Chemist: 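Got a structure for you, questions after.
Remember, it's a predicted structure, so these values are computed and weren't measured experimentally. Atoms within each ligand, like the ligands themselves, are counted from 1 in listed order.
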Amino acid sequence: MDRIRIVGGRELNGTIPISGAKNATLPLMIASLLTDQTLILDNVPRLADVVQLQRILGNHGVDIMLGGKRPGDDEYKGQTMHLSAARIVDTTAPYELVSKMRASFWVIAPLVARMGEARVSMPGGCAIGTRPVDLLILAMERLGADIEIEGGYVVARASRGLRGGEIAFPKVTVSGTHTAVMAAVLADGTTVIENAAREPEVTDVADCLNKMGAKISGAGTSRIVIEGVPKLNGARHSVVPDRIETGTYAMAVAMTGGDLMLEGARPELLQAALDVLARADVNITSTNRGIRVSRNGAGLKPVEVTTEPFPGFPTDLQAQLMALMTRADGTSRITETIFENRFMHVQELARLGARIHLDGETATIEGVPRLRGAPVMATDLRASVSLVIAALAAQGETMVNRVYHLDRGFERLEDKLARCGAEIERVTS
Ligand code: EPZ
């Protein structure tokens, strides 16, 4: 099993190209099930989750072709993926595939919308929380689907097609909003989604669907209106830059000191996180190339942050911020409101010498003068990268185990950091 070896204490200087967003790519690939024509996605990141979803879509009959390198392409250029669901030959998403990646459960909406039926394995538990799918099921029932749970599978039927309706989510849910939008675009009539998620990935999917001929308005706000259409066409769409990857590297250079250009990053996608970094005395400059982040040896100020749905501070940057605050001049508090079990990194950061006290959903972090390298264990995607950030500033060597978690959501992390001066390498055993 691969591990990552880091020797801390070096500044980061240079340019990091930001990849396409994992959390936009997955629903965009799933949207290809809504048309019998070809959807072309540009700026697709090379991630384990993307490869896993290719397998799942292939099982339904989707042909997927990756474009080869073109003259002048640099090694970090995103992939071009051609997806053609000319014929859906199987409307079952089996446990063996879905259990490996939760987001694959989202195929249920386009399958019911286009084929009138779907049988999808329940995704099961997750390290960061129970993560039920009751609101995804609620959305489809509101659009007229009959839903049954049989042997660990959600069986959805709408033999005469879905019909427009009102969906008012009791809480903001990204997966619920993606599911409602993808179910409603081919439904008969108008759908109104209230208390919708406003995440940039929701907007990116809506933009792509509108290019395919859908009639969606209000994406990015909490009220989305969809006029159903009989059919969708093919289109070409470029995946939005990854705001979580951007925030992660911004926190890495804030941790080590140095000066990084995050190429292709867009500040409006993570303004709340940039505001927190500025409050911590990190220099942030937006340019037409991307976002420049630097810290020149000045101390880090402690902060108080609560995770919230967009445009609030993202839960997917909570662990990275916690790692950064272990070195602040004073005491910080971070409250996690989205997932009930998203503090798995606390014990691992403590192995590096961090002082963190947990009280329910709030972590209190007392800044320490230095961290020391140690062997640590990755537990989930974002927790694992917080350990990398801490190790980059720790004295001595850190070995991060179970890095397969990282490969799910970060493209070529060690290459991108090494080219900016980090002493980091993958150890294959
Ligand atoms: C998406 O997960 C992201 N995943 C998550 O990123 C991200 O943390 C999350 O949104 C919040 O921003 C992808 O896009 C693939 P939710 P999702 O539905 O859609 C509860 C990462 O690290 N809920 O907005 O599953 C749920 O348990 C991942 O890249 C219900 O109760 O999140 C949670 O507490 C981790 N019932 C809250 O709502 C439901 O039916 C928000 O979940 C659905 C959700």
Chemist: Can you classify the ring geometry of W106 versus H178 as parallel (below 30°), tilted (30 to 60°) or perpendicular (above 60°)?
Modeler: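 The arrangement is tilted - the two ring planes meet at 30° to 60°.
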Chemist: Among all protein heavy atoms, pick the one closest to atom 6 (O) of ligand 1 and tell me residue, atom and distance.
Modeler: D316 OD2, 2.9 Å
Chemist: Search all heavy atoms of A183 against all heavy atoms of L162 and return the closest pair with its distance.
Modeler: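 Heavy atoms only, the tightest pair is O-CD1, 3.5 Å.
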Chemist: Using heavy-atom distances, let me know which of L136, D242, N23 sits nearest atom 4 (N) of ligand 1.
Modeler: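 Of the listed residues, N23 has the closest heavy atom.
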Chemist: Tell me which part of F105 gets within contact of ligand 1: side chain, backbone, both or neither, using heavy atoms under 4.0 Å.
Modeler: neither
Chemist: Crowded around R295 CZ? As in, over 12 foreign heavy atoms under 6.0 Å?
Modeler: yes
Chemist: Please determine whether side-chain hydrogen bond (donor to acceptor under 3.5 Å, both in side chains) holds for the pair E336 and T307, giving the CA-CA distance in whole Å, both sets of side-chain angles, and the decisive distance to 0.1 Å.
Modeler: CA-CA 5 Å; E336 172 59 55; T307 63; 3.2 Å; yes
Chemist: Look at ligand 1 and say whether A197 reaches it with a heavy atom at a distance under 4.0 Å.
Modeler: no
Chemist: How close does the nearest protein non-hydrogen atom get to atom 44 (C) of ligand 1, and which residue and atom is it?
Modeler: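 Atom 44 (C) of ligand 1 sits closest to the protein heavy atom T173 OG1, 3.8 Å.
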Chemist: Return yes if some donor-acceptor pair links the side-chain N/O of D359 with the main-chain N/O of T362 below 3.5 Å, else return no.
Modeler: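 Not a single qualifying donor-acceptor pair exists.
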Chemist: Please indicate whether K211 has more than 12 foreign heavy atoms, meaning atoms of other residues, nucleotides or ligands, lying under 6.0 Å from its NZ.
Modeler: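 Counting other residues, nucleotides and ligands, NZ of K211 exceeds 12 neighbours.
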Chemist: If we only count N/O pairs under 3.5 Å, is I128 in contact with ligand 1?
Modeler: no
Chemist: Please state which protein non-hydrogen atom is closest to atom 29 (O) of ligand 1 and give its distance, to 0.1 Å?
Modeler: R382 NH2, 2.7 Å
Chemist: Counting from 1, what ligand 1 atoms have a heavy atom of W106 closer than 4.0 Å?
Modeler: 13 (C), 14 (O), 15 (C), 19 (O)
Chemist: What is the nearest protein non-hydrogen atom to atom 40 (O) of ligand 1, stated with its residue, atom name and distance?
Modeler: L135 N, 2.7 Å
Chemist: Considering only protein heavy atoms, which is closest to atom 39 (C) of ligand 1, and at what distance to one decimal place?
Modeler: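 Answer for atom 39 (C) of ligand 1: P132 O, 3.1 Å.
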Chemist: Return yes when atom CZ of R426 has more than 12 non-hydrogen atoms of other residues, nucleotides or ligands closer than 6.0 Å, and no otherwise.
Modeler: yes
Chemist: With side chains defined as the heavy atoms from C-beta onward, is the minimum distance between L381 and K22 less than 4.5 Å?
Modeler: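 Side-chain contact under 4.5 Å: yes.
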Chemist: Counting non-hydrogen protein atoms only, what is the nearest one to atom 41 (C) of ligand 1? Give residue, atom name and distance.
Modeler: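 Heavy-atom neighbour on the protein nearest atom 41 (C) of ligand 1: I338 CG2, 3.8 Å.
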Chemist: To which protein heavy atom is atom 36 (N) of ligand 1 closest, and what is the distance rounded to 0.1 Å?
Modeler: D134 OD1, 2.6 Å
Chemist: Would you name the heavy atoms of L352 and A391 that are closest together and state the gap between them?
Modeler: CD1-N, 4.3 Å
Chemist: So with a 6.0 Å cut-off around CZ of R163, is the heavy-atom count from everything else above 12?
Modeler: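 Not buried by this count: 12 neighbours or fewer within 6.0 Å.
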Chemist: Please report which non-hydrogen protein atom sits nearest to atom 20 (C) of ligand 1, along with the residue it belongs to and the distance in Å to one decimal place.
Modeler: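 For this ligand atom, the closest protein heavy atom is K171 NZ, 3.7 Å.
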Chemist: If you take the nearest heavy atom of each of K22, R131, R102, which one is closest to atom 2 (O) of ligand 1?
Modeler: R131
Chemist: Would R342 count as a contact of ligand 1 if the rule is a heavy atom under 4.0 Å away?
Modeler: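 Yes.
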